[in-house]
Structure formats: C-alpha cells, structure tokens
Colleague: 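One structure is given below, represented as structure tokens, and several questions about it will come after.
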Protein chains: 2
Amino acid sequence: MSDGGQTEDARARLTRLHDILRSRICLLDYAPGSRLSEETLAAEFGTSRTPLRRALARLEDEGLIQTQHGVGTIVTDVDLAEMGRTYELRRELAGLAGRLSPVEVTPDIAAQAHDFVARGRELAGSPDAREFARLNMDFFHFGASLTENEALRETSERLYYRTARIWLKSIPRLNLGEEVRIFLSELEQTAAAIEGHDLLAAALIRQAHISMCEARLTG
Amino acid sequence: MSDGGQTEDARARLTRLHDILRSRICLLDYAPGSRLSEETLAAEFGTSRTPLRRALARLEDEGLIQTQHGVGTIVTDVDLAEMGRTYELRRELAGLAGRLSPVEVTPDIAAQAHDFVARGRELAGSPDAREFARLNMDFFHFGASLTENEALRETSERLYYRTARIWLKSIPRLNLGEEVRIFLSELEQTAAAIEGHDLLAAALIRQAHISMCEARLTG
DNA sequence: GGGATTTAGGTTGTGCACAACACGTCTGTA
DNA sequence: TACAGACGTGTTGTGCACAACCTAAATCCC
C-alpha cells in the first residue's frame, strides 16, 4: 500500500488531522486572526474537503477557530479578560488533579519526570520559544496523565489548548530566558515531589506556577 | 417565507439541531444503546444528511453518541466508574461557581430562584420523572448563569449533559417521590441563600447535593 | 469628482451519488 | 446436519458539483 502498510481508519485520520491543526494553531504557525483555506488544507492532506471539515468542526467547537459563511475560517484570538477566567479555572483544575484519583507513582513515571528536567536544562542552555512551547505541551500531557479521572484530563486539555497560543504569543513581551528558568524550576520541583510519591504536592506546585504565570501575562 | 419570516442561519440551525438531539438523548427519548439513523433524522428536520452530520459530530465529540462505519450511530452508555469520576469533578466545579466570578444578585435572579421553588412544589404534588428531568435541567442552567466565568459554565454544562441521562435512567430504581422531595429541598435552600445574596452558600448547597445524589446513585 | 451599483472572484454551506463497510441470510457442499 | 462462502441490505464515510454568501474592485450615473 502507498501509506506504508498502514490503512488508516476514518477515526484515526480525524484525530490525526485535528491534532496536527491544533498543534499548528498553538505553535502560532497559524497566527490568531489568520485565515485557513479548506481547499488548500484538504489538498495538503490528500483528502477532499469533507473529512477535513470534520476536523475543523471539532476545532471550532473547541473555540480555536471560527468559520463565517462566504468569508473564511479564522483562527480565534482571546481577549485578556477571557484568558484570565480560563486561567483561573485551569489553576483550580490543576489542584484537583492531585486530589481526584491520582495514579500510583511508578519508577517509569519518576523517570519521565527526570527526563523533563533534563530537557529543561538543555533548553535553558539554548532558549528557543518554539522548543519551549513544545516542552511545555509535553509536560502538560505528562501532568494530565497523573490522574485517572478521564473527565478531568479531557477538561484540562481542552482549556490548556485554548490558552496555549496566547501564552506563546506573549513570550516575546516577556523575557524568554527568564521564562525558561522559571519553567525549569517548576520541572525540578515537580520531579522532587514525584520522587517522594507526593502527587498532591506536584499538583500544588503546578497550581502555583499557573497562578504566577497568569500574573506575569496580565501584569 | 415558510418558516414564519425567520430565515435561519447555518450556525443557528446547527445549535437548534444539536440542542434538540441532546435533549432527546438526555430525556431518554433515545435510550442508551439505541441506534439513530442519519437519513431518518435528516428527513425529520427537513435537511440533507450533511448539516445533520455536523450536529452529530458535535454530539460525538461530547461523548453522547458513537458512530461506527457500516454499523450505525449508537447512543452511548456510561459505566458506574466513569460516572463516579465525572460526578466528582462536577461537584468540585459546582463549588468553584461560588468563588470564581460570581454574578451580582439582582431582584430578577431572586425572582427566578423563587419560581423554581414554585415549580418544585407543583412537581412534588404530582411527581413525574420526565417533568422532574426538565426542571432539573432548567435549574442547572440557572445555576450556571450565576457565574460570569464562561469557561466554567461551558465545562459544567458539558459534564452535566454527560451524566444527565444516567441520572434519569436510575430514577426508577430509586424512589421518585423521595427524589423530588430532596430536590425541592435543594431548591428552597438555594432560594434562601440567593435571598441573602450569598452565592458562595448557594454553590456549597449545590455541591453537597451533587455529592449526596452520587452516593444514592452508586449506593 | 463622488457615490451608488454592478460585477468578478473567492469562501463556506448543502445536497446528492457512490464507495467502504458490517452483519445477517441464503445457498451449496461435504 | 454442519459449515463455509457468496450475497443482499442497510449504515456511515467520501468526493464532487453547485448554491449561498461576503468582499472588494470596477463601472456607471449624476
């Protein structure tokens, strides 16, 4: 087969398209306010508009894009007030992750935490906004995996991706090196908490950093 | 025009279809496990499958239905464990509604609260499961309107609709009259809290009732 | 010259025909 | 009878053509 022996299920393709597009939006490949073309994207992914529109529909329901008949598909922006309230909620949800169905800490989890510290140190050596965003995203998913409450995971993810691009857009306004250093500190603190099998502490650390991050963004 | 002078926007139609279908699912008009036909529904709403599928896509992303190629569209069921975790999260979110951006209590809000008490008393006079579900749904939306945090509203709504049909399905197992009495008591307590402009108390009351409701459902 | 109108181009929304797929039934064979 | 395979029926998924719509530039009229 032309796709390397892997026939792709419709659901799998939807997930793939959606994840790729979401990533591009949150990494600012598609800046807020810019327009996406269904036709162009469909051509890029080698499908017709129909399956692509299914992926766009999900992105629209998630609030990442907005379509207008006859005009186009526009990447949404978020005003400061809305972002503030979303951050508030994210902060509280982060705290809940430590109390609601935390997973049992395995050696593998601890190893992952230390990997993040290593990646953070490397990033601190040569700061790069895009790489920073990627590491942040990966670390978020790691944090989400520390609770078995699927509803909480899903909700946190939804809200994270809603604010991620705003965060990255603001990095230039702040000091990249400083932000990386703060983030590295969060990684180290988290790794220490996990080392002690204390997921509640890990959640509180995250909660504190979300709060401080929001303060820096709005301040 | 044939629709009474109101031409319907594509977005408005999507919202209408989605809300109607969601209502039917949560009111058990479409029981968990039953199959929906795109063709039949499209005919009922006087459209082609295309716009209908857009509404179904949203329902699927919300976890209310599940489609399988070549098989059909099936209304999902929820196992007890998942419901328990979703209720946990709903409980915590209800508490947050009292702390995160509560609205200012106006006379209109207080009046609405008293209307709910009146409706609850009427229901207690002649208990009916379906009417109970409707009142519960309306009261939920009222509760959601007490915070200005849109992310919190959206999230709570999402989770509410995810568990609503499980709740209604369990009513026969419990005592309908007893459940109505408990709910009426929640309405009265909430009205009193709102009377005193104390939305934090209203939120705590709701939180307590969600907790107790979950205990009755699983117990 | 200024403003209203027409027109051209590009975008998303809709309808329809067909492909891909799952499942139950029927049929032929041992 | 038991079993394997073909077949019919019904479902969702996909591709395509066209409708509905918005925008901006060109054109016409005063």
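Quick note on labels: first sequence line is chain A, next is B, and so on, each numbered from 1.
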Colleague: Rounded to whole angstrom units, what separation is found between the CG atom of L36(A) and the P atom of dT12(C)?
Modeller: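 Taking atom P of dT12(C) as the reference, CG of L36(A) is at 8 Å.
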Colleague: Within a reach of under 6.0 Å around CD of E157(A), are more than 12 heavy atoms found that belong to other residues, nucleotides or ligands?
Modeller: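 Enclosed: over 12 neighbouring heavy atoms sit under 6.0 Å from CD of E157(A).
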Colleague: T47(A) or H69(A): which one's nearest nucleotide on DNA chain D is closer to the 5' end?
Modeller: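 The residue whose closest nucleotide sits nearer the 5' end is T47(A).
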Colleague: 5'-most contact on DNA chain D: G46(A) or G70(A), nearest heavy atom basis?
Modeller: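 This one resolves to G46(A).
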Colleague: Going 5' to 3' along DNA chain D, between which two nucleotides do contacts with chain B fall, using a heavy-atom cut-off of 4.0 Å?
Modeller: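 So the contact region on DNA chain D extends dG10(D) to dT14(D).
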Colleague: Are there more than 12 heavy atoms of other residues, nucleotides or ligands under 6.0 Å from atom CD of E92(B)?
Modeller: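 Check passes, neighbour count above 12.
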Colleague: Does F116(B) have any ring-ring contact (aromatic ring centres under 6.0 Å, His included) partners at least two apart in sequence or in another chain, and if so, which?
Modeller: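 F116(B) satisfies ring-ring contact (aromatic ring centres under 6.0 Å, His included) with F139(B), F142(B) only.
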Colleague: Roughly how bent is the helix from dG1(C)-dC30(D) to dA30(C)-dT1(D) end to end, in steps of 10 degrees, with each end axis from five pairs?
Modeller: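 Both end axes considered, the difference amounts to 20°.
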Colleague: Looking at S37(A), does any N or O in its side chain come under 4.0 Å of the phosphate oxygens OP1/OP2 on dG10(C)?
Modeller: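 Negative; the distance criterion is not met.
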Colleague: Which part of the nucleic acid, if any, lies within contact of R13(B), taking any heavy atom under 4.0 Å across all strands shown: a base, the sugar-phosphate backbone alone, or nothing?
Modeller: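 It contacts sugar-phosphate atoms only.
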Colleague: Is any side-chain heavy atom of R216(A) less than 4.5 Å from a side-chain heavy atom of E179(A)?
Modeller: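 Of all side-chain heavy-atom pairs linking E179(A) with R216(A), at least one is under 4.5 Å.
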Colleague: Classify E39(B) by what it touches in the nucleic acid, base, sugar-phosphate, or nothing, heavy-atom distance under 4.0 Å.
Modeller: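 Nothing, no heavy atom under 4.0 Å.
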Colleague: Once you round it to whole Å, what is the distance between C1' of dG10(C) and CZ of R35(A)?
Modeller: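 Result: 8 Å.
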Colleague: H69(B): which residues meet the side-chain hydrogen bond (donor to acceptor under 3.5 Å, both in side chains) condition with it, sequence neighbours left out?
Modeller: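 With neighbours one apart ignored, the set is empty.
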Colleague: Do the ring planes of F132(A) and F183(A) sit parallel (below 30°), tilted (30 to 60°) or perpendicular (above 60°)?
Modeller: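 Tilted.
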Colleague: Got a sec, which residues hit salt bridge (charged side-chain N to carboxylate O under 4.0 Å, His left out) with D128(B), two or more places apart in sequence or on another chain?
Modeller: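 Checked D128(B) against salt bridge (charged side-chain N to carboxylate O under 4.0 Å, His left out); zero matches.
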Colleague: Between L52(A) (CG) and dT11(C) (P), how many Å, whole number?
Modeller: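 Rounded to the whole Å, the gap is 14 Å.
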Colleague: So T50(A), base contact, sugar-phosphate only, or nothing? Heavy-atom distance under 4.0 Å.
Modeller: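 Touches a base.
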Colleague: Identify, with sequence neighbours excluded, every residue that meets salt bridge (charged side-chain N to carboxylate O under 4.0 Å, His left out) alongside E154(A).
Modeller: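 Per chain and number, E154(A) pairs via salt bridge (charged side-chain N to carboxylate O under 4.0 Å, His left out) with R158(B), R162(B).
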